[in-house]
Amino acid sequence: QVQLVESGGGLVQAGGSLRLSCAASGLTFSRYSMGWFRQAPGKGREFVAAINWSGGTLYYEDSVKGRFTISTDYARNTVYLQMNSLKPEDTAVYYCAATGRVGVRTNEDDYDYWGQGTQVTVSS
C-alpha cells in the first residue's frame, strides 16, 4: 500500500521560512517523479514544484521560483519543499504527489498517488 505523508506545515509570518517533508512508503521511490501542489481556500489545486526520478530535473511554478526549492533524499524516501521568503498568498494546503510517468509533471492528472496535505498559513 502506497502512502505519502506530509509534515512541516504551520503558521509563519511573511518573510519567514518553512520546510515541508513528504515521506513515501510502499513504492520504489527512486523510480517515481515527485511533485508538490497547493490549494488555497476557494481555489483549485495548483502546481508548485516537481522533480524527476533521478533528481536531475527540477521545475517550478513562476511565482515560487527563487523562493522555493524541491529536493529528494533517497535514503529516507523523502521529498522536501524548502520555502523561503513566504508571502500571504502562499497560504494553502500543500500536497505531495508521486507519478510513475517519465519526466517532471505539472498536471495533477498525471500523478498516481497523493498525500493528505499539510496546512501552511502565512500571516502579513
Side-chain angles (χ1 to χ4, degrees):
Q1 180 182 359
V2 175
Q3 281 192 313
L4 302 177
V5 180
E6 301 100 333
S7 60
L11 173 63
V12 64
Q13 287 188 331
S17 298
L18 284 173
R19 188 177 79 157
L20 305 183
S21 301
C22 172
S25 60
L27 52 74
T28 304
F29 187 69
S30 60
R31 295 180 181 177
Y32 281 78
S33 295
M34 303 297 293
W36 285 96
F37 290 76
R38 65 187 180 186
Q39 187 167 19
K43 296 187 177 181
R45 192 154 54 186
E46 67 172 2
F47 170 78
V48 175
I51 185 167
N52 75 328
W53 64 272
S54 70
T57 303
L58 314 177
Y59 193 78
Y60 297 95
E61 192 270 329
D62 285 346
S63 70
V64 307
K65 284 180 181 176
R67 300 189 298 123
F68 291 10
T69 303
I70 187 171
S71 62
T72 51
D73 184 336
Y74 294 106
R76 290 181 168 83
N77 281 9
T78 298
V79 60
Y80 302 99
L81 186 68
Q82 178 67 44
M83 305 186 296
N84 299 329
S85 302
L86 283 161
K87 305 175 181 180
E89 51 263 43
D90 294 318
T91 295
V93 177
Y94 283 70
Y95 300 89
C96 74
T99 175
R101 292 167 175 79
V102 174
V104 292
R105 299 284 174 156
T106 63
N107 189 328
E108 62 179 309
D109 293 336
D110 289 338
Y111 285 81
D112 305 306
Y113 304 104
W114 291 85
Q116 81 289 352
T118 186
Q119 177 70 47
V120 171
T121 303
V122 184
S123 62
S124 57

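The first residue in the sequence is number 1, and the count goes up from there.
A heavy-atom distance below 4.5 Å is not found between the side chains of L4 and Y95. In this structure the side chain of Q119 never reaches within 4.5 angstrom of the side chain of L11, judged on heavy atoms. Two residues are said to be in side-chain contact when any heavy atoms from C-beta on lie closer than 4.5 Å; L86 and F68 meet this criterion. Between W53 and R31 the shortest side-chain heavy-atom distance does not fall below 4.5 Å. Contact annotation: the side chain of S33 approaches that of T99 to within less than 4.5 Å [non-hydrogen atoms, C-beta and beyond]. Between Q39 and E108 the shortest side-chain heavy-atom distance does not fall below 4.5 Å. No side-chain heavy atom of M83 sits under 4.5 Å from any side-chain heavy atom of R67. Considering only heavy atoms from C-beta on, R101 comes within 4.5 Å of D112 through its side chain.
From Q82, atom CD reaches atom CD1 of I70 across 12.5 Å, with rounding to the nearest 0.5 Å. The SG atom of C22 lies 15.0 Å from the CZ atom of R76; values are rounded to the nearest 0.5 Å. Here OG1 of T118 is found 11.0 Å from CG of L81. Values are rounded to the nearest 0.5 Å. Put simply, OG1 on T69 and CZ on R19 are 11.5 Å apart, with the number rounded to the nearest 0.5 Å.
A pairwise comparison of heavy atoms in N52 and Y74 identifies O-OH, 4.1 Å as the closest pair. The shortest non-hydrogen separation linking S71 to I51 is CA-CD1, 4.2 Å. Between D73 and F29, the closest heavy-atom pair is O-CE2, 4.2 Å. Between V104 and Y59 the shortest heavy-atom distance is CG2-CB, 4.0 Å. Across R105 and A50, no two heavy atoms sit closer than the pair O-CB, 3.8 Å. Closest non-hydrogen pair, L27 versus N77, comes out as O-ND2, 4.4 Å.
Not counting sequence neighbours, Y80 has no partner by the ring pair (Phe, Tyr, Trp, His ring centres under 6.0 Å) test. Not counting sequence neighbours, the partners of F37 by the ring pair (Phe, Tyr, Trp, His ring centres under 6.0 Å) test are F47, Y111, W114.
Between K87 and D90, none of the side-chain N atoms (NZ, or NE/NH1/NH2) sits under 4.0 Å from a carboxylate O, so this pair counts as no salt bridge.
Between the side chain of E6 and the backbone N or O of C96 there is at least one donor-acceptor pair closer than 3.5 Å. Not one N or O on the side chain of T121 forms a donor-acceptor pair closer than 3.5 Å with the backbone of T91.
Neither V5 nor Y113 shares a network with the other; the hydrophobic side chains, linked directly or stepwise wherever heavy atoms of I, L, V, M, F, W or Y lie under 4.5 Å apart, form separate groups for each.
A 6.0 Å sphere centred on NZ of K43 holds no more than 12 heavy atoms belonging to other residues, nucleotides or ligands.
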**Message:** Could you walk me through whether V64 and R38 satisfy the side chain to side chain contact (heavy atoms under 4.5 Å, CB included) test, starting with their C-alpha distance in whole Å, then the side-chain angles of each, then the deciding distance to 0.1 Å, before giving a yes or no?
**Reply:** CA-CA 12 Å; V64 307; R38 65 187 180 186; 4.0 Å; yes
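Checking S17 against N84 by side-chain atom types alone, a donor-acceptor pair falls below 3.5 Å.
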